[in-house]
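One structure is given below, encoded as structure tokens.
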2 protein chains.
Amino acid sequence: MERVNKMPKQTFFNLEPERREKIIAAAVDEFARHPFEQASLTRIVENCGIAKGSMYQYFADKLDLYLYIVELAYERKRDYVGRAFALQADIFSVLEEYYRQSFQFSRDYPSLNQVTNNYWNSRAQVLSGALEEGRLNRAEEFGRFLSEAMESGEVNADLNSEAVFFTYHAVGRTLIDYFDKDIDDDFVKQVLDVLRFGLQRRGEGK
Amino acid sequence: MERVNKMPKQTFFNLEPERREKIIAAAVDEFARHPFEQASLTRIVENCGIAKGSMYQYFADKLDLYLYIVELAYERKRDYVGRAFALQADIFSVLEEYYRQSFQFSRDYPSLNQVTNNYWNSRAQVLSGALEEGRLNRAEEFGRFLSEAMESGEVNADLNSEAVFFTYHAVGRTLIDYFDKDIDDDFVKQVLDVLRFGLQRRGEGK
DNA sequence: GTAGCATATGACTGGGTGGTCACATCGTTT
DNA sequence: AAACGATGTGACCACCCAGTCATATGCTAC
């Protein structure tokens, strides 16, 4: 997720807020509708009534703009969703809360949500490094979270923790991808229950 | 997955097999490297030494060619992987065998595998109808398979069967997406175990 | 008023795209 | 050999793209 050496130029931050917001809105919309490679700078400038040349006063190139927008979407989402991890509760409640927030975010800010979805689904060569790094960061966070739950005995310690992350990551990403379809809170809960209880029938208890 | 009114023209099937194969190989390669929208017909014809105009003797347009190639890849894969469902065994063995075969297929025919991956990950508007239909077909198949296993008592009947399909579909798709990375048979097994046993620690038994 | 700097602009460049079409080539039938 | 239908061809068309640059505009300072 981190950018290395690129940023909007200072000029961009000197802009009147109204103008800046128009640019951001048009860019978010475009990157929500199209993955990076198919997104069109020409369309963006048309939709916000800014000259093409001006864009290059603010951003080095299309990739620079894209990464700025992705980071912005990511930060907004983290602010919105982060609360879940703050609450001191069992791992299943935390996960449920996390996806509930995530779901709510996608309803409140569908475009921002689509921007991040497109980013994670991206196969563009230029992005693969950053994507891999982002995935590793998340895996690490999740790993810490998980091993606590294994030590406390909430979680089946026989499982391979990388495999657990992989599974949750896959399901979470797909869920969020489907948020704009016709699913609801209850379906999210049921999917999480599949992961929680497992497909195989459990022994006598209950 | 089904095409409605489009097909390679007869001319294509009249071709000398060698020529036909060259075209298919170049197209498979291109659609493995790029999603539909970014794939380039110009590159395909360059790579197989066929005139651009000739392509339009065989296929109505780029989409027609694409759907032909996708279907071809899909059929090859089904032939390869289908055996798993033939074997009369418990659901977990069948699923394990299915993903094992799937994994093997991706090793033997990486390009064909990539073509289908790109297809399922595709967001192109023209494809959304066919994608949805394909997903429904698979959901139905899986649903029948699953309800048998619920009746026989192998599977936890408390679970919502749509949610189970959703979960397996998400994980399966992501696994297959990762087949070209550095994972092995054992990792696949461990992921399937997460789905089978669930994250929550099980009661006394073992 | 005028010098100087930051910013705004859109016509333009070079390159890529899917798709077309007038013409060439070939095999078969007459 | 002539005529005909089926097939092969690549130059060409209209369109879209990211990025550039000479010029214009506005603001500040003197």
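Chain letters run A, B, ... following the sequence lines, proteins first and then strands; every chain starts at 1.
- Side-chain N/O atoms of B:Thr42 include none lying less than 4.0 angstrom from OP1 or OP2 on C:dG16.
- The listed nucleotides are D:dG10, D:dC17, C:dG19; the one nearest the side chain of B:Ala51 is D:dG10.
- Among the nucleotides C:dT17, D:dC17, D:dG10, the one closest to any side-chain atom of A:Arg43 is D:dC17.
- There is a side-chain donor-acceptor pair under 3.5 Å between A:Arg19 and A:Tyr58.
- Within 4.0 Å of B:Lys62, counting heavy atoms only, lie sugar-phosphate atoms of the nucleic acid but no base atom.
- Counting non-hydrogen atoms under 4.0 angstrom, A:Leu65 reaches nothing in the nucleic acid.
- When the side-chain nitrogen and oxygen atoms of A:Asn14 are compared with OP1 and OP2 of C:dA6, none of them lie within a distance under 4.0 Å.
- Between A:Lys52 atom NZ and D:dC17 atom C1' the separation is 7 Å, expressed in whole Å.
- Remark: the A:Asn137 side chain and the A:Glu141 side chain contain no N/O donor-acceptor pair separated by less than 3.5 Å.
- Whole-Å rounding puts the A:Tyr66 OH to D:dA18 P distance at 14 Å.
- Considering only side-chain N and O atoms, B:Tyr58 lies under 4.0 angstrom from the phosphate OP1 or OP2 of D:dG8.
- Atom CG of B:Asp64 is separated from atom P of C:dG18 by 15 Å (rounded to the nearest Å).
- Cation-pi check for A:Lys9 over A:Phe59 is not met; the charged atom does not lie both under 6.0 angstrom from the ring centroid and within 45 degrees of its normal.
- Closest approach to the B:Tyr56 side chain among C:dG19, D:dG8, D:dT20 is made by C:dG19 (side chain taken as heavy atoms from C-beta onward).
- Across all strands shown, B:Thr11 has heavy atoms under 4.0 Å from sugar-phosphate atoms exclusively, and none from any base.
- Put simply, CD on A:Glu46 is 12 Å from P on C:dG10, counting in whole angstrom units.
- What separates CD of A:Gln57 from P of D:dT23 is a distance of 17 Å, to the nearest Å.
- For the pair B:Arg19 and D:dG8, the criterion of a side-chain N or O lying under 4.0 Å from OP1 or OP2 is met.
- To the nearest angstrom, C1' of D:dG26 lies 14 Å from CG of A:Leu15.
- Atom CG of A:Leu63 is separated from atom P of D:dC17 by 18 Å (rounded to the nearest Å).
- Toward the 5′ end of DNA chain D lies the nearest nucleotide of B:Met55, the other residue of the pair B:Met55 and A:Ala39 mapping further downstream.
- For the residue pair B:Ser93/B:Asp90, the side-chain donor-acceptor check at 3.5 Å is satisfied.
- Remark: aromatic rings of B:Tyr109 and B:Phe105 are close, center separation under 6.0 Å.
- Within 4.0 Å (heavy atoms only), A:Ser54 reaches at least one base atom of the nucleic acid.
- A donor-acceptor contact closer than 3.5 angstrom links the side chains of A:Asp108 and A:Tyr80.
- Rounded to whole Å, the distance from CZ on B:Phe13 to C1' on D:dA6 is 17 Å.
- Using a 4.0 Å heavy-atom distance criterion, B:Phe59 is classed as making no nucleic acid contact.
- When distances are taken from the side chain of B:Leu41 to each of C:dG18, C:dT9, D:dA18, the shortest belongs to C:dG18.
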